[in-house]
Amino acid sequence: MSATAARDLTQAVRQILNLDEDLSEFYALISSDDELSWAAGGAGRMLRTPTVYEAVVKTVCTTNCTWSATVRMVTALVENLGEQSAGGGARAFPTPEAMAAVPEAFYRDVVRAGYRSAYIRSLATGVADGMIELEDLAANASDVSDDEVATRLLALPGIGPYGAAHLMMLLGRHSRLILDSWTRPKYARVRGRKATNKAIERRFRRYGPYAGLAFWLYLTRDWVTEQP
DNA sequence: CGTCCAGGTCTAC
DNA sequence: GGTAGACCTGGACGC
């Protein structure tokens, strides 16, 4: 592997494993929290894609469909438009340019993305021609508020409240709660009773900028620890 | 075979 | 600002 390739790969892995994220402030916040102190041992780091663009496209592919449909759509994108690695076999997630080069019909007929096709192609062309800038959202600039990031994400085609909250968590912006058809019933199970979106948000407001992460860890505790 | 709906979003009131 | 209705797809389910 060339030095350049090694450097690119290292950067990609840092991005994917989110190695540079500092959650110490959050861990201090939950250190004496009955429900979340368990997470202070190192939980909460989100597995990410190498680029923000890839995360946005994949997120659109999670909306209003089953997880199996998401996998099917993303697999079709990679197999049809992704560049094959030098060693053969593996393919990368396609670039915005590669995705902008095919017509919307491709997304409908081959990817079977349905009405998402226009959103996906619009994202690809927008990023490819520079009208949409996504990678700077990963910069984590402290002078840019969560509200500003949310506004930019909500302006993207196919991204609404769920998608924006989901993407912000990946971008190290943990204020928004991911409220969708998986988290709502899961919350009802963990909590022992149903609750409206507003009631859930009220309950996690005390975590401030980490409300979204607190909510996520509250829901996924059974993924990593034994239940009492 | 018809209906419903899944890790929603957008438009039009 | 809040909320019906439409929107692709395909797997699950009832009949």
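Chain A is the first sequence line, chain B the second, and so forth, proteins listed ahead of strands; every chain is numbered from 1. Computation of the quantities below employed the complete heavy-atom set of this structure, encompassing side-chain atoms and omitting hydrogens, waters and symmetry-equivalent molecules.
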J.: Between B:dA12 and C:dC8, how many Å separate the two P atoms, rounded to a whole number?
T.: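 After rounding to an integer number of Å, I get 15 Å for this pair.
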J.: Could you tell me how far B:dG7 sits from C:dA4 if I compare only their C1' atoms? Round to whole Å.
T.: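 Those two atoms are separated by 22 Å.
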J.: Drop me the distance from A:Tyr162's OH to A:Leu179's CG, to the nearest 0.5 angstrom.
T.: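 It comes to 11.5 Å.
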J.: Please give, in whole Å, the distance from B:dG7 P to A:Met169 CE?
T.: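 That distance rounds to 17 Å.
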J.: Considering only side-chain heavy atoms of A:Arg72, which listed nucleotide, C:dG10, B:dA6, B:dG7, is closest?
T.: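 Side chain of A:Arg72 sits closest to C:dG10.
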J.: Apply the side-chain hydrogen bond (donor to acceptor under 3.5 Å, both in side chains) test between A:Asp147 and each candidate in A:Arg176, A:Arg152, A:Arg173; give the one that qualifies.
T.: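 Exactly one candidate clears the test, A:Arg176.
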J.: I want to check something: taking the side chain as every heavy atom from C-beta on, are A:Phe215 and A:Tyr207 in contact at a cut-off of under 4.5 Å?
T.: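 A:Phe215 vs A:Tyr207: side chains apart.
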J.: If you measure from CG on A:Asp180 to NE2 on A:His166, what distance do you get to the nearest 0.5 Å?
T.: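 Spacing of CG (A:Asp180) from NE2 (A:His166) equals 9.0 Å.
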J.: Would you mind classifying the nucleic acid contact of A:Leu179 as base, sugar-phosphate or nothing, using non-hydrogen atoms under 4.0 angstrom?
T.: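 Nothing, no heavy atom under 4.0 Å.
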J.: Should A:Leu134 and A:Leu137 be marked as a side chain to side chain contact (heavy atoms under 4.5 Å, CB included) after you check the CA-CA gap, both sets of side-chain angles, and the distance that decides it?
T.: CA-CA 6 Å; A:Leu134 294 177; A:Leu137 289 171; 4.1 Å; yes
J.: Starting at CH2 of A:Trp67 and ending at P of B:dG8, how long is that distance when rounded to a whole Å?
T.: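 For the pair A:Trp67 CH2 and B:dG8 P, the rounded distance is 12 Å.
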J.: Using whole Å, report how far CG of A:Asn197 lies from P of B:dG7.
T.: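 Taking atom P of B:dG7 as the reference, CG of A:Asn197 is at 16 Å.
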J.: Given C:dC8, B:dT9, B:dG7, which nucleotide is nearest the side-chain atoms of A:Ile178?
T.: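 Within the option list, the nearest is B:dG7.
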J.: Tell me, with the steps shown, if A:Arg91 and A:Glu83 meet side chain to side chain contact (heavy atoms under 4.5 Å, CB included).
T.: CA-CA 5 Å; A:Arg91 288 180 187 277; A:Glu83 191 181 341; over 6 Å; no
J.: On a whole-Å scale, what distance lies between the P atoms belonging to B:dC4 and C:dG5?
T.: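 Nearest-Å result for B:dC4 against C:dG5 at atom P: 14 Å.
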J.: Think A:Thr66 has a side-chain N or O under 4.0 angstrom from the OP1 or OP2 of B:dG7?
T.: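 No, A:Thr66 has no side-chain N/O under 4.0 Å of OP1/OP2 on B:dG7.
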J.: Measuring only the P atom in each nucleotide, how far is B:dC5 from C:dC15? A whole number of Å is fine.
T.: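 The answer is 15 Å between these two P atoms.
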J.: Expressed as a whole number of angstroms, how long is the span from A:Arg189:CZ to B:dG7:P?
T.: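 Taking CZ of A:Arg189 and P of B:dG7, I get 12 Å after rounding.
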J.: Want to settle it: does A:Thr62 or A:Pro157 sit nearer the 5' end of DNA chain B, counting the closest nucleotide to each?
T.: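 First, find each residue's nearest nucleotide; the 5'-ward one identifies A:Thr62.
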J.: Both distances under 3.5 Å, Watson-Crick or G-U wobble: report the partner of C:dG10, or none.
T.: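 Base partner found: B:dC5.
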J.: Of the residues in residues 101-127 of chain A, which ones touch DNA chain B at a heavy-atom distance under 4.0 Å?
T.: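 Contacting residues: A:Tyr115, A:Tyr119.
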J.: Rounded off to whole Å, could you give me the CG-to-P distance for the A:Leu177 and B:dG7 pair?
T.: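 About 19 Å, once rounded to whole Å.
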J.: Starting at CG of A:Asn64 and ending at P of B:dC4, how long is that distance when rounded to a whole Å?
T.: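 Answer to the nearest Å: 15 Å.
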J.: Does any part of the side chain of A:Tyr210, heavy atoms only, come nearer than 4.5 Å to the side chain of A:Ile30, both counted from C-beta?
T.: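 Heavy-atom side-chain distance check fails, nothing below 4.5 Å.
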J.: Without decimals, in angstroms, what is the distance between A:Lys198 NZ and C:dG1 P?
T.: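 The answer, rounded to whole Å, is 12 Å.
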J.: Kindly indicate, with the supporting measurements, whether the criterion side chain to side chain contact (heavy atoms under 4.5 Å, CB included) is fulfilled by A:Lys58 and A:Leu77.
T.: CA-CA 10 Å; A:Lys58 284 178 170 174; A:Leu77 288 175; over 6 Å; no
J.: Between A:Asp180 and A:Leu154, which is nearer to the 5' end of DNA chain B once each is assigned its nearest nucleotide?
T.: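 It is A:Asp180, whose closest nucleotide lies nearer the 5' terminus.
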J.: Rounded to whole Å, how long is the line connecting atom NE2 of A:His166 with atom P of B:dG8?
T.: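 In whole Å, B:dG8 P and A:His166 NE2 are 11 Å from each other.
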J.: Can you tell me the Watson-Crick or wobble partner of C:dG5, both distances under 3.5 angstrom?
T.: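 Paired with C:dG5, as far as the under-3.5 Å criterion goes, is B:dC10.
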